[in-house]
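Reading through the structure tokens given below for one structure.
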Amino acid sequence: MKQYENGMVIDGLDEIELENTSIDDIGSENINLIFLGIDQSGSMKVYDQDMRHALEEFRTALMNSREAEEILVARANFDSGIDVGGYKRIDEFQTGFTARGCTAMYDAITEGTSKLKNYRAFLKNEGMRVKAVFAVFSDGLDNDSRRTFSEAKQAVSFLNQEEITTAFISFGGKAAGTARDLGFQNLLDVTSSASELRRAFDCLSRSVIESSRSVLADANDFFQF
């Protein structure tokens with residue numbers, strides 16, 4: 001545990017510094033943190049190759065943008081378990097995809113919110129100007145989380161109150177109602193097809209880039225394309 005000068009206490013600060021991009025490797029005082037939660041449950045198996053291509057195109061689009069040096073992305077995979085990665089430069093973004101198991105979406109949301117909260121506070125304490133986007137992609141309903149719907153909703157509420165842009169891509173429509181009930185302010189609802197999958201991630205990359213250019217958080221205007 002380590003305490004900041006303003007009195008804020010963050011547990012595991014040494015771990016935060018190791019898990020995410022170090023201050024010495026950040027080339028700008030303006031930082032855009034992008035959390036991307038990706039549903040890798042078994043129902044996505046038929047789209048394995050299409051997801052890999054979509055994630056590669058997402059990475060390429062962000063790498064080619066003028067804002068690339070200001071963007072740090074954390075990828076969180078969820079199936080029957082969760083794997084929430086640290087915030088890394090876009091050229092370190094992993095594009096692999098393997099579908100299996102069930103859907104622990106609430107766990108990914110709550111753990112992802114906690115890690116974003118802590119790293120954002122760390123960067124601000126170091127004098128960085130920080131904006132953030134919290135985005136989730138899912139094709140179904142949660143059926144394997146230890147955390148509850150109420151806990152996930154509370155996490156999304158915290159993000160909205162902190163003016164962190166919350167966005168949800170519902171692939172196939174099953175998750176759209178849950179996303180609304182959780183309080184996500186931006187919803188992109190697409191049908192289950194390879195072309196719609198590519199369109200969704202193209203829209204996501206454009207929205208991330210546009211959000212990085214703006215001064216204020218996007219509220220409910222994130223998906224502009």
Side-chain angles (χ1 to χ4, degrees), residues 15 19-20 33-56 58-59 72-88 92-120 132-160 164-190 192 196-197 200-201 204-205 208 222:
E15 182 180 342
E19 191 174 64
N20 302 288
L33 300 179
I34 312 300
F35 172 90
L36 180 54
I38 299 176
D39 187 341
Q40 292 195 156
S41 59
S43 57
M44 284 294 298
K45 182 65 177 177
V46 67
Y47 296 104
D48 268 10
Q49 185 172 354
D50 297 307
M51 275 296 298
R52 284 191 286 271
H53 289 162
L55 291 169
E56 289 168 3
F58 172 79
R59 180 177 66 180
L72 299 176
V73 183
R75 174 172 170 173
N77 303 318
F78 59 95
D79 40 57
S80 294
I82 62 170
D83 178 18
V84 183
Y87 286 87
K88 303 294 184 180
E92 299 178 69
F93 181 76
Q94 299 297 309
T95 60
F97 185 84
T98 302
R100 61 193 173 195
C102 298
T103 309
M105 180 169 61
Y106 300 158
D107 288 346
I109 290 172
T110 52
E111 179 68 13
T113 297
S114 177
K115 290 194 173 185
L116 171 57
K117 174 184 176 182
N118 287 340
Y119 188 49
R120 177 171 170 258
V133 171
F134 191 95
V136 174
F137 170 95
S138 181
D139 75 328
L141 306 178
D142 186 289
N143 56 15
D144 206 17
S145 283
R146 295 183 178 180
R147 298 298 187 98
T148 64
F149 170 86
S150 178
E151 289 175 297
K153 184 174 182 177
Q154 185 176 7
V156 177
S157 177
F158 166 80
L159 296 169
N160 291 331
I164 293 170
T165 300
T166 55
F168 196 103
I169 297 173
S170 176
F171 184 60
K174 290 183 179 179
T178 299
R180 293 189 188 95
D181 292 342
L182 286 168
F184 280 87
Q185 292 187 323
N186 299 270
L187 175 62
L188 181 62
D189 194 357
V190 298
S192 300
E196 284 289 273
L197 181 61
F201 275 89
L204 178 62
S205 62
V208 165
F222 179 68

Considering all heavy atoms, the nearest [X]-[Y] contact:
X: L141; Y: T103; value: O-CB, 3.5 Å
X: D139; Y: S41; value: OD1-OG, 3.8 Å
X: V84; Y: E111; value: CG2-CG, 3.7 Å
X: G86; Y: N20; value: CA-OD1, 3.3 Å
X: Q40; Y: T98; value: NE2-O, 3.4 Å
X: A132; Y: I164; value: O-CG2, 3.6 Å

Heavy-atom neighbours of [X] [atom1] exceed 12 at 6.0 Å:
X: K174; atom1: NZ; answer: no
X: E196; atom1: CD; answer: yes
X: R100; atom1: CZ; answer: no

Heavy atoms, side chains only, cut-off 4.5 Å: are [X] and [Y] in contact?
X: F78; Y: D144; result: no
X: F35; Y: L159; result: no
X: D107; Y: R147; result: yes
X: D142; Y: T178; result: no
X: L72; Y: Y119; result: yes
X: L204; Y: L36; result: yes
X: F137; Y: M51; result: yes
X: R75; Y: F93; result: yes

Is there a donor-acceptor pair closer than 3.5 Å between any side-chain N or O of [X] and the backbone N or O of [Y]?
X: Y87; Y: R120; value: no
X: N186; Y: F222; value: yes
X: N160; Y: G183; value: yes

Rounded to the nearest 0.5 Å, what's the gap from [atom1] on [X] to [atom2] on [Y]? Could you check?
X: M44; Y: F97; atom1: CE; atom2: CZ; answer: 4.5 Å
X: L55; Y: Q94; atom1: CG; atom2: CD; answer: 10.5 Å
X: L187; Y: T166; atom1: CG; atom2: OG1; answer: 10.5 Å
X: F149; Y: I109; atom1: CZ; atom2: CD1; answer: 9.5 Å
X: S170; Y: D39; atom1: OG; atom2: CG; answer: 10.0 Å
X: F134; Y: L33; atom1: CZ; atom2: CG; answer: 12.0 Å

Ring geometry between F201 and F58 (parallel below 30°, tilted from 30 to 60°, perpendicular above 60°)
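Perpendicular, since the angle between the ring planes exceeds 60°.
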